[in-house]
Amino acid sequence: MVTESPSLKQAITPHVYINQLSAHVDQEVTLKGWLYNMRSSGKILFPQLRDGSGVVQCVVLKNAVQPELWESLKGLGQESALIIEGKVRADSRAPGGYEIDVTNAQVVQEVHDYPITPKEHGTEFLLDHRHIWLRSRRQHAILKIRHTVVRAVRDFLDNDGFTLCDAPIFTPAACEGTTTLFAADYFDGEKAYLTQSGQLYNEATAAAFGKVYCFGPTFRAEKSKTRRHLTEFWMVEPEMAYATLDDVLTLSERMLSYIAARVLADRAEELKVLERDPAKLEAIVPPFPRLHYDDAVKMLQEGRAKGLLEARFEWGGDFGAPDETFISGHFDKPVMVHHYPAEVKAFYMARDPDRSELALGVDVLAPEGYGEVIGGGERATSLEYLQQQIATHELPPEAFEWYLDLRRYGSVPHAGFGMGIERCTAWMCGIEHVREAIPFPRMMYRLRP
RNA sequence: UCCGCAGUAGCUCAAUGGUAGAGCAUUCGGCUGUUAACCGAAGGGUUGUAGGUUCGAGCCCUACCUGCGGAGCCA
């Protein structure tokens, strides 16, 4: 026999969400939320209520309510928990277009010392208070856009015939190198590593399902302290059997365009809060410029000759952040740089049959200095070549035996890419740093909260 | 790991080597349309830590700690 608790009863009392107010004009409603801010003017109070779906200004007139109600609301601090009853009224003076004329209210919890004020704060303070910083309007807008980016990715791939087939988080060995892996103690003295890519597993599932993707957290123990880096980030990785580099270019272009269109359509309010120029997102439509590595190098060398770049760039190297920014600065939409030197790319990349020093890989560089949002390409199909690559890169061969089976049993051309969700979200939002594009960022010097 | 910058009230920041300051937040008071409201008052400090120079250090010097920005590496 289950006894119904008072708190459960309270939780199921019907109430209206602030983003639904337009459907309740001139009706009495109950709102449940938290005090976002309060202004007052003698015998009139303007509490702003926040409920997760939006913020609405309420109006309390001293002469129109019970004296006890006036007293209970008068001195409330930011983030006091509140249930408010009142009538919805359209009013052009109100920030959201609607106001609530309060008739009754219940103070669920009174708060007086909320640390985050409406004034400015520093990065360290805000990150230390990330658990409550999430409530502020700007952070709320960013994470709503992240949600839309994730949904757009899933909808796009699902509607395109891809099957979600997630890769493991614990892995026995590196897929691209060992220096950037977080190690954990597994059983019986064995080491497990946190995944840095689902890539190799995707190749297995692609051979089983044709078109697949994995979508989950990824870990890199890189000692990077820049606005583009997290130690834990989310990555979506599609992989297609019987596909080539060209298919990857087309898929990248279609997916990024779809994401931008969805953000524009579904998150107009949030973009406004962030003061993000919609024109930047409207520009993200196919076709994206395609740039051969050779031509990118020429571009960098010309830039250096004109004094626009400090460092000299030699053919054969990988681009640094200033190089990427310089290249992407020539375009108002993402640029796809392809055919990198095989030397600087992962061991499993296929090589260009006409120029074996080149890999059939692509980096998609976002405009405005957001850097590489997508990296991918065509995978090598030859068993002998991969065995040789594993030896050259001094990788433990026993850890890759299962992977080599994929080249023994029905090896076909296949290709795919990985996209970083936080970089993509930060780009859509036009924000400075990827740390705001994930609820609880993990960085080199930040593990808390 | 390397290079650069910073650390003063709960927060954001001031303070020529010479008495530790303001705004916001908090508490109290005022105001019937406020838009990060406004006006008045009060409380609030081991100037990151340890040493050194000096008659005197928030300020100068050394080391360390913490954070920020960047490089390399990467999505």
Side-chain angles (χ1 to χ4, degrees), chain A residues 36-48 55 57-64 70 74-79 89 91-96 99 101 111-129 133 136-138 176-177 179-181 196-199 217-237 252 310-311 317-325 344-346 362-366 369-376 417-427 432-435 437-438 443-446:
Chain A
Y36 194 71
N37 196 9
M38 176 123 78
R39 288 181 280 267
S40 67
S41 178
K43 298 188 175 54
I44 183 166
L45 296 177
F46 298 99
Q48 288 189 298
V55 180
Q57 172 161 290
C58 305
V59 184
V60 187
L61 292 170
K62 188 175 185 181
N63 295 339
W70 175 262
K74 197 176 65 176
L76 290 182
Q78 246 183 297
E79 291 303 317
R89 178 168 43 75
D91 192 319
S92 58
R93 290 172 296 185
E99 277 187 346
D101 287 323
V111 172
H112 284 289
D113 50 0
Y114 186 66
I116 300 179
T117 69
K119 290 278 181 180
E120 288 159 20
H121 299 284
T123 310
E124 186 183 2
F125 176 81
L126 289 170
L127 285 172
D128 283 342
H129 292 83
W133 186 25
S136 64
R137 208 186 293 253
R138 188 182 149 80
E176 299 185 23
T179 54
T180 62
L181 286 171
Q196 58 180 186
S197 166
Q199 165 60 37
T218 310
F219 307 86
R220 303 274 167 95
E222 292 155 3
K223 295 190 172 174
S224 297
K225 294 172 33 168
T226 80
R227 64 195 192 90
R228 298 179 306 280
H229 286 87
L230 298 168
T231 52
E232 176 183 325
F233 66 97
W234 282 64
M235 186 155 68
V236 59
E237 298 176 88
S252 303
E310 275 185 34
D318 205 351
F319 303 133
D323 303 320
E324 284 186 0
T325 304
V344 302
K345 288 292 170 188
V362 59
D363 282 355
V364 182
L365 309 179
Y370 284 97
E372 186 186 342
V373 288
I374 282 179
F417 66 80
M419 184 185 81
I421 292 299
E422 290 76 18
R423 281 192 186 175
C424 182
T425 302
W427 168 35
E432 262 305 299
H433 203 298
V434 289
R435 67 185 161 217
I438 186 169
M443 291 172 291
M444 190 178 162
Y445 290 124
R446 184 166 293 277

**Q** Under 4.0 Å, heavy atoms only, any strand: does A:Lys62 hit a base, just the sugar-phosphate, or nothing?
**A** nothing
**Q** Taking only residues two or more places apart in sequence or in another chain, which ones pass side chain to side chain contact (heavy atoms under 4.5 Å, CB included) with A:Asn37?
**A** A:Arg39, A:Gln48, A:Pro118
**Q** Need one value for A:Ile421: base, sugar-phosphate or nothing, where a base atom within 4.0 Å counts as base even if backbone is also close, heavy atoms only.
**A** nothing
**Q** Mind checking A:Met419 for me? I need base, sugar-phosphate or nothing, with any heavy atom below 4.0 Å counting as a touch.
**A** nothing
**Q** Rounding to the closest angstrom, what is the interatomic distance between B:rC60 and B:rU47 at atom C1'?
**A** 16 Å
**Q** Phosphate oxygens OP1/OP2 of B:rA71: is one of them under 4.0 Å from a side-chain N or O of A:Arg227?
**A** no
**Q** For A:Tyr445 and A:Lys225, indicate whether the former's side chain and the latter's backbone hold a donor-acceptor pair under 3.5 Å.
**A** no
**Q** Would you please test A:Leu127 and A:Met443 for side-chain contact (heavy atoms from CB on, under 4.5 Å) and show each step?
**A** CA-CA 11 Å; A:Leu127 285 172; A:Met443 291 172 291; 4.1 Å; yes
**Q** Give one of base, sugar-phosphate or nothing for A:Gly320, where a contact means two heavy atoms less than 4.0 Å apart.
**A** sugar-phosphate
**Q** Using a 4.0 Å heavy-atom cut-off across all strands, classify A:Gln57 as base, sugar-phosphate, or nothing.
**A** base
**Q** Taking any heavy-atom pair under 4.0 Å as a contact, classify A:Arg137: base, sugar-phosphate, or nothing.
**A** nothing
**Q** Describe the nucleic acid contact of A:His129 in one word from base, sugar-phosphate, nothing, applying a heavy-atom distance below 4.0 Å.
**A** nothing
**Q** Any base atoms under 4.0 Å from A:Thr218, or only sugar-phosphate, or nothing? Heavy atoms, all strands.
**A** nothing
**Q** Under 5.5 Å centre to centre and under 30° between planes: does that hold for A:Phe46 and the six-membered base ring of B:rG33?
**A** no
**Q** Are the side chain of A:Arg423 and the backbone of A:Val434 linked by a donor-acceptor contact shorter than 3.5 Å?
**A** no
**Q** Students often get this wrong, so: under 4.0 angstrom with heavy atoms, is A:Asp363 touching a base, only sugar-phosphate, or nothing?
**A** nothing
**Q** Would you mind telling me which of B:rA71, B:rU34, B:rG72 lies closest to the side-chain atoms of A:Ser224?
**A** B:rG72
**Q** Any side-chain N or O of A:His112 below 4.0 angstrom from OP1/OP2 of B:rA25?
**A** no
**Q** Closer than 3.5 angstrom, by distance alone: can the side chain of A:Glu422 be matched with the main-chain N or O of A:Phe233 as a donor-acceptor pair?
**A** no
**Q** Check whether A:Ser224 reaches the backbone of A:Thr226 with its side chain - one donor and one acceptor, N or O, closer than 3.5 Å.
**A** no
**Q** According to the Watson-Crick and G-U wobble definition with distances under 3.5 Å, which dot-bracket string, read 5' to 3', encodes RNA chain B, using [ ] for crossing pairs and | for pairs with another strand?
**A** (((((((..((((....[..)))).(((((.......))))).....(((((..]....))))))))))))....
**Q** Which residue lies toward the 5' end of RNA chain B, A:Gly122 or A:Ser40, if each is placed at its nearest nucleotide?
**A** A:Gly122
**Q** Mind checking if A:Arg138 touches a base, just sugar-phosphate, or nothing, with heavy atoms under 4.0 Å?
**A** nothing
